[in-house]
Protein chains: 2
Amino acid sequence: MSEPKQMSAFSRHDHGTCVAGAMRNAENVAAQKGLRLTPVRRRALELLLEAHKALGAYEVLDRLKEDGFGSQPPVAYRALEFLVEHGFAHRIRRLNAFAACMHPDHAHRPVFFICGSCSTVAESMEVAVQDSVSKEAGKLGFVVERMNLEVLGTCPSCQGATA
Amino acid sequence: MSEPKQMSAFSRHDHGTCVAGAMRNAENVAAQKGLRLTPVRRRALELLLEAHKALGAYEVLDRLKEDGFGSQPPVAYRALEFLVEHGFAHRIRRLNAFAACMHPDHAHRPVFFICGSCSTVAESMEVAVQDSVSKEAGKLGFVVERMNLEVLGTCPSCQGATA
DNA sequence: TCCGGTATTGTTATATTATCACGTGTAATG
DNA sequence: CATTACACGTGATAATATAACAATACCGGA
């Protein structure tokens, strides 16, 4: 029953504001980079932000379809790929799912805290793993391109619940 | 053209010995824990060790089939699930694949260095991420169960190659 | 503005990965 | 030996993802 200690997907917050802010942020970033945040892409990002958890490609597809976009898998996959490619979202491999990036304006190595109960994903930029990974990579003669850390466990809300 | 700096999947080594040793090791661990390393499971582990890279479930299945085991996906998935469950192998989410664990006798948080060219996977126990992750989890009120770090890049052999 | 190239979207079809459900056999208990 | 749990095999199907191609929308320069 302890309170979350810092702002995150796990803490209570004004979600409408959170979504709106993230969308504005994304618009700005896209404008700066000369990227086309088209209607499908925009809507896909909104869906991820509104859900505030990881969504499967087919969940996104269903909702896009409801909004009058194409109904075939590539529609969703392409939008999601674009978002991931440009840092607006992340792909959560363990869940075969996608989640909006909470910090699209910062370059970062994402670290995900994934709740096994409710699938909420919190993204952190704070974990300092890059240095130790790079050091180890050096020993192996390995050139690092990307890395991805997924932490599985239970979020504060689900710790109390019976589930 | 630099030489690998330490023993790993990326460095040249006597692979026959490496496989045999790992199998003996697995036998011992299984015996200690009272686990049944049945023929399918044993063979699946051998396949992973021999390949010395991550194999997809269907690759494993094909080879098991050649060896006279069942030919349907659950055969492979069950064997692989067993191996992962008990620490003889790891699942590499990014590749939708499985790789033998190089250190089944040590409890560890695996870190994988995945070559994007040749799919060879090196597993390291040396990277110290656990502390920083735990600290961050504490701030979020998140209870950690497992974690998994996958690093993408290029292995020493593939850095020289044209590919 | 008009043209030509490029990016984006939509669609059909298919590939790849993974699980469910159920029957049969087999091994370890007591 | 009976019982019980586990393991295995099979058929069917679910869930995830990509390939290939046509139609359209955007954007630059002539």
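FYI, side chains are in, hydrogens and waters are out, and symmetry mates aren't considered; it's all heavy atoms of this structure. So that the names make sense, note that chain A is the first sequence line, chain B the second, and so on, each numbered from 1.
The residues B:R43 and B:E50 are annotated as salt-bridged, a charged nitrogen and a carboxylate oxygen being separated by less than 4.0 angstrom.
Where B:P73 and B:P39 each meet DNA chain D at their nearest nucleotide, the meeting point lying more 5' is that of B:P39. A residue-by-residue look at B:A57 and A:A79 shows that A:A79 has its nearest nucleotide of DNA chain C further toward the 5' end.
The aromatic rings of B:F88 and B:F82 lie parallel to each other, with less than 30° between the two planes, well short of the 60° mark. Aromatic ring pairs are classed by plane angle as parallel below 30°, tilted from 30° to 60° and perpendicular above 60°; the pair B:F142 and A:F113 is perpendicular.
For B:Q72, a side-chain nitrogen or oxygen approaches OP1 or OP2 of D:dG11 to under 4.0 Å. For B:T38, a side-chain nitrogen or oxygen approaches OP1 or OP2 of D:dC8 to under 4.0 Å.
Within the nucleic acid shown, A:R91 comes within 4.0 Å of sugar-phosphate atoms alone, with no base atom in reach, counting heavy atoms only. Looking at heavy-atom distances under 4.0 Å, B:F82 makes no contact with the nucleic acid at all. Among the protein residues, B:R36 comes within range of the sugar-phosphate backbone only, with heavy atoms under 4.0 Å from sugar or phosphate atoms but none that close to a base. Residue contacts shown for A:R41 are limited to sugar-phosphate atoms, with no base heavy atom under 4.0 Å away.
The distance from atom CG of B:L55 to atom P of C:dT16 is 16 Å, rounded to the nearest whole Å. What separates CG of B:L80 from P of C:dT17 is a distance of 13 Å, to the nearest Å. The interatomic distance linking B:L37 (CG) with C:dA27 (P) rounds to 15 Å, in whole Å. Atom pair A:R42:CZ and C:dT8:P shows a separation of 17 Å (rounding to whole Å applied). To the nearest angstrom, C1' of C:dA18 lies 15 Å from CD of B:E59. A:E81 places its CD atom 18 Å from the P atom of D:dT16, with the value rounded to the nearest Å. Between the CZ atom of A:F98 and the P atom of D:dT16 there is a distance of 11 Å, given to the nearest Å. Remark: C1' of C:dA27 and CG of B:L35 are 15 Å apart, rounded to the nearest angstrom.
Proximity note for B:N96 (side chain, C-beta onward) versus D:dA17, C:dA18, C:dT9: the nearest is C:dA18. For A:V40, the side-chain atoms get nearest to C:dG10 when compared with the rest of C:dG10, D:dG11, D:dG9.
Ring stacking is absent between A:Y77 and D:dT18, as the pair misses the limits of under 5.5 Å between centres and under 30 degrees between planes.
For the residue pair A:H90 and A:E123, a side-chain donor N or O sits within less than 3.5 Å of a side-chain acceptor on the partner.
Taking 3.5 Å as the limit, the base of D:dA14 and the side chain of A:Y58 contain no donor-acceptor pair of atoms between them.
Residue B:K65 qualifies as enclosed at atom NZ: its count of foreign heavy atoms under 6.0 Å is above 12.
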